[in-house]
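Since the model is a prediction, treat every value here as computed from it, not as a measurement. These numbers come from the heavy atoms of this one structure, side chains and all, not from hydrogens, waters or symmetry mates.
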Amino acid sequence: MNMTIFDYNMSLLSKEKKYYILGCDDSARQFAIRLLNSGVYFHGFVVLNNVLEQGCRLWNKPIIDIQECLECSDIMIITSYISYLQDKEVLKKYRLDAKLIKFEILKPCITDASGVVIYGTGSQGEEIFQACSDLINVCYFSNSNENRWGNYFCGRKIISPQEITNLPDDTVIIIASNAYQKIHDSLLECHIEDDRIYCLENGALRFCQSYIIENSFLISKLMFLLQNNKNMVLYGEEAIVEKIREKFELLDFYNIETIGRKSKEEDGSLFQLLYFDWKEKICLLADDMNIRSMELIDKIGIPVKNIYWLKNCDEYQKYDHIKKYKYVADPTLGYSAVVLGKGEEGEAEYSGFVKYEYKDDSNNICTILTLGGSTTQSFFVREPTWSECLSRILTKKKIPHRILCGGIGGYSNIQEFLKLTRDGIMLQPDIVLSYSGVNNTNWLMDEEYPFIHRYQRAIFDKLKVKRHIKVGVDDISLSASVNYGIKDQEYNPFQFWLMYERLMNSVCKELSITFKAYLQPILFSKPVFDEYDQELLLGMFGITAKTSEDMYQYAEDITQKYSRDVKNALLFREEVKEYSNIYPDWLVDFSHIMDNKEKVYMDEAHVYECGNEIIAECIYESISHDITKLSHIDNCVRRE
């Protein structure tokens with residue numbers, strides 16, 4: 001399968017020149033990925049403003065501004081084929097159009113084809129059609145859903161894969177789907193020649209023919225990880241490791257140590273990792289994720305925290321969890337997580353919670369329940385959580401305690417509320433801590449039905465089948481539809497978040513439980529971004545910003561990918577100022593606690609261990625009086 005419809009006019013490049021990609025947005029990134037996939041080296045990115053600090057990087061490549069581009073005669077600008085004419089007009093305003101090179105071209109077999117079929121009638125198919133319909137002759141769409149054959153999409157008829165064989169022999173098929181390998185194989189079964197099938201890769205950085213990363217967001221995470229951790233060992237099958245090393249060299253990562261094995265299966269080569277000092281190194285595994293490798297890594301004593309899988313590089317999550325935890329369906333919350341090894345349904349006593357504990361000889365123990373999303377979660381995580389860090393503080397101070405961490409990735413505070421009322425109060429906590437906010441600001445919240453989490457809705461939608469159930473003496477027939485309650489409730493995201501924090505406080509107050517709600521810090525709402533923050537914003541989200549004023553401007557542009565998340569993060573930070581004064585006993589504003597801290601964020605909300613230590617220290621400070629008071633009451637009870 002041909003992985004791209006584009007080609008590159010290498011004759012336009014000169015060794016005496018440096019070539020910079022115009023922009024840092026999604027379009028520029030997709031262009032950069034196509035260059036990397038084709039083995040084409042570029043020198044960096046050029047932006048049309050001076051918002052970023054000098055020296056900032058994207059994917060380890062320098063970012064320069066217009067002034068530097070004007071001053072350096074050896075700098076040339078390259079851009080994608082699709083955006084070339086538009087970019088040329090933009091660059092005229094800066095007197096830079098003469099530096100622009102039409103480097104990317106469509107392959108002649110595409111432009112000369114009598115027709116093009118786009119396989120895929122989803123958003124990707126529509127995007128390709130909108131971008132390329134003026135450049136290529138799109139005659140049909142196709143897909144595997146026979147119910148849609150004969151209908152129209154974007155003004156073109158949808159035909160079956162078999163009908164493609166009746167088209168002229170030079171007809172080209174462009175696959176517009178994440179399942180492009182499966183579609184490719186099915187097209188071959190229809191006797192369509194391989195050299196007629198193309199795919200735009202959906203932004204994937206393809207390290208080799210048999211190995212595909214399907215999400216460019218993960219690529220950004222990987223590049224940012226490498227950018228900040230130069231000492232890396234790459235391990236895997238020799239041929240794959242070599243191809244990956246070549247790709248990294250295109251991104252100016254040259255000092256990567258490699259260990260390649262001859263066989264496809266693990267043959268003991270992994271034990272060579274024993275000879276490295278892992279205090280300052282990370283290991284990137286190029287194989288498919290598998291339990292065998294994890295067991296060997298655990299056996300030879302390499303810290304799991306230092307191990308990353310190339311296929312799903314994630315600084316937040318570690319991959320020894322397959323043996324320890326699992327996600328399970330939950331009829332109230334949508335899903336939950338349990339500890340393995342305690343029966344089929346996990347640890348019954350604290351199902352959905354992870355326990356941290358310190359005891360002394362007395363019976364005096366403070367039980368603390370912690371709630372939140374993935375920034376609280378203790379399941380699957382690579383870094384020690386703030387609940388664990390809080391336990392360390394209490395242990396160091398010889399305070400007997402039991403912390404039950406109930407955070408689950410993706411939970412909004414509506415699910416916290418449900419979990420508290422169903423499970424939390426049954427655990428008889430003395431203190432309940434809710435650390436949240438980010439999942440109420442972002443795409444996880446359904447705008448029509450904010451009470452229903454998007455993950456929950458996805459699960460419930462799978463249940464759209466007719467059922468007959470017996471309830472008492474009644475036989476109820478359920479329709480295939482699912483009802484989610486009242487639509488379009490009139491609360492902004494902050495008001496909705498605050499309402500459920502108030503409800504949790506009310507429940508706890510009624511039961512004489514101390515409650516604290518913490519609005520968590522979010523990178524988007526920082527007043528000033530240092531160089532690390534700017535590179536993180538750029539690498540993860542494509543956002544160029546130096547101050548909160550830049551972020552307000554970004555949030556106003558609704559066409560931007562993360563504008564809603566940014567807008568809500570800024571809204572939460574602004575509105576909490578008023579309400580933390582109204583509810584000073586239980587509502588605590590943490591939105592500012594990372595403002596002057598360096599290198600704590602790994603994305604917009606997750607933080608490294610140093611960040612979780614800061615959170616834990618601030619939380620301890622806010623509840624130390626309550627713990628002392630509880631201890632005093634317990635002592636009085638014991639004396640009586």
Side-chain angles (χ1 to χ4, degrees), residues 60 205 207-208 210-213 218-219 221-326 339-341 354 378-385 388-389 392 599 602 606-610 612-613:
N60 204 45
L205 179 54
F207 288 104
C208 66
S210 62
Y211 191 86
I212 298 170
I213 295 179
L218 294 177
I219 294 169
K221 284 190 172 184
L222 171 60
M223 296 312 164
F224 194 75
L225 171 68
L226 297 180
Q227 191 168 304
N228 290 281
N229 295 274
K230 297 295 186 183
N231 298 318
M232 187 188 77
V233 179
L234 178 62
Y235 174 79
E237 189 179 350
E238 189 173 63
I240 295 178
V241 165
E242 181 58 26
K243 289 180 182 294
I244 295 169
R245 185 187 61 77
E246 291 172 358
K247 298 296 183 186
F248 285 154
E249 287 185 354
L250 291 174
L251 291 164
D252 301 325
F253 293 110
Y254 294 106
N255 298 319
I256 294 176
E257 298 179 81
T258 61
I259 299 176
R261 62 176 187 274
K262 301 292 184 183
S263 60
K264 186 169 184 177
E265 301 298 326
E266 181 55 58
D267 60 1
S269 300
L270 191 72
F271 288 100
Q272 294 180 50
L273 296 174
L274 273 170
Y275 298 103
F276 293 95
D277 181 359
W278 293 104
K279 290 181 180 178
E280 301 294 334
K281 284 188 182 294
I282 62 172
C283 181
L284 193 61
L285 302 179
D287 301 326
D288 285 331
M289 289 188 295
N290 62 85
I291 293 178
R292 169 65 174 156
S293 292
M294 287 189 291
E295 288 175 341
L296 284 176
I297 288 167
D298 185 55
K299 183 177 180 180
I300 63 181
I302 299 175
V304 175
K305 182 179 175 180
N306 295 48
I307 304 298
Y308 298 83
W309 294 88
L310 181 65
K311 191 169 185 179
N312 188 12
C313 182
D314 192 339
E315 289 187 275
Y316 164 70
Q317 183 167 270
K318 64 181 179 181
Y319 296 102
D320 64 343
H321 68 264
I322 296 176
K323 298 180 292 182
K324 295 183 179 180
Y325 313 117
K326 69 176 179 180
V339 180
L340 294 178
V354 173
S378 288
F379 295 99
F380 315 116
V381 295
R382 186 181 296 275
E383 299 283 323
T385 65
E388 182 177 348
C389 293
R392 291 178 189 169
K599 297 186 177 182
M602 64 176 70
H606 298 106
V607 295
Y608 295 105
E609 182 176 1
C610 61
N612 281 324
E613 288 173 345

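- Judged as a side-chain hydrogen bond (donor to acceptor under 3.5 Å, both in side chains), and not counting sequence neighbours, Arg292 has no contacts.
- Considering NZ of Lys299 and CG of Leu296, their distance stands at 7.0 Å, rounded to 0.5 Å.
- Taking the side chain as every heavy atom from C-beta outward, Glu315 and His606 never approach each other to under 4.5 Å.
- Residues passing the ring pair (Phe, Tyr, Trp, His ring centres under 6.0 Å) test with Phe224 are Tyr532, sequence neighbours excluded.
- Distance alone, capped at 3.5 Å, places no donor-acceptor pair between the Asn306 side chain and the Cys283 backbone.
- The closest donor-acceptor contact from the side chain of Glu266 to the backbone of Ser269 lies under 3.5 Å.
- The closest donor-acceptor contact from the side chain of Arg382 to the backbone of Tyr316 lies at 3.5 Å or more, if one exists at all.
- Side-chain contact between Tyr308 and Leu285 is absent, with no heavy atoms from C-beta onward closer than 4.5 Å.
- Side-chain atoms of Leu226 and Asn60, non-hydrogen and from C-beta on, never get closer than 4.5 Å to each other.
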Give the intermediate values and the outcome of salt bridge (charged side-chain N to carboxylate O under 4.0 Å, His left out) for residues Glu242 and Arg245. CA-CA 5 Å; Glu242 181 58 26; Arg245 185 187 61 77; 2.2 Å; yes
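- Checked by atom type and distance alone, the side chain of Glu257 never pairs as donor or acceptor with a backbone atom of Val233 at under 3.5 Å.
- Under the 4.0 Å criterion applied to side-chain N and carboxylate O atoms, Lys264 and Glu237 are not assigned as salt-bridge partners.
- Atom CD of residue Glu388 and atom CD of residue Glu613 lie 10.0 Å apart, to the nearest 0.5 angstrom.
- Separation of atoms CD1 (Ile282) and CH2 (Trp278) is listed at 9.0 Å; rounding is to 0.5 Å.
- Distance CG/Leu270 to OH/Tyr235: 4.5 Å, rounded to 0.5 Å.
- Between Asn612 and Pro384 the shortest heavy-atom distance is ND2-O, 2.8 Å.
- The shortest side-chain heavy-atom distance between Phe276 and Ile302 does not fall under the 4.5 Å cut-off.
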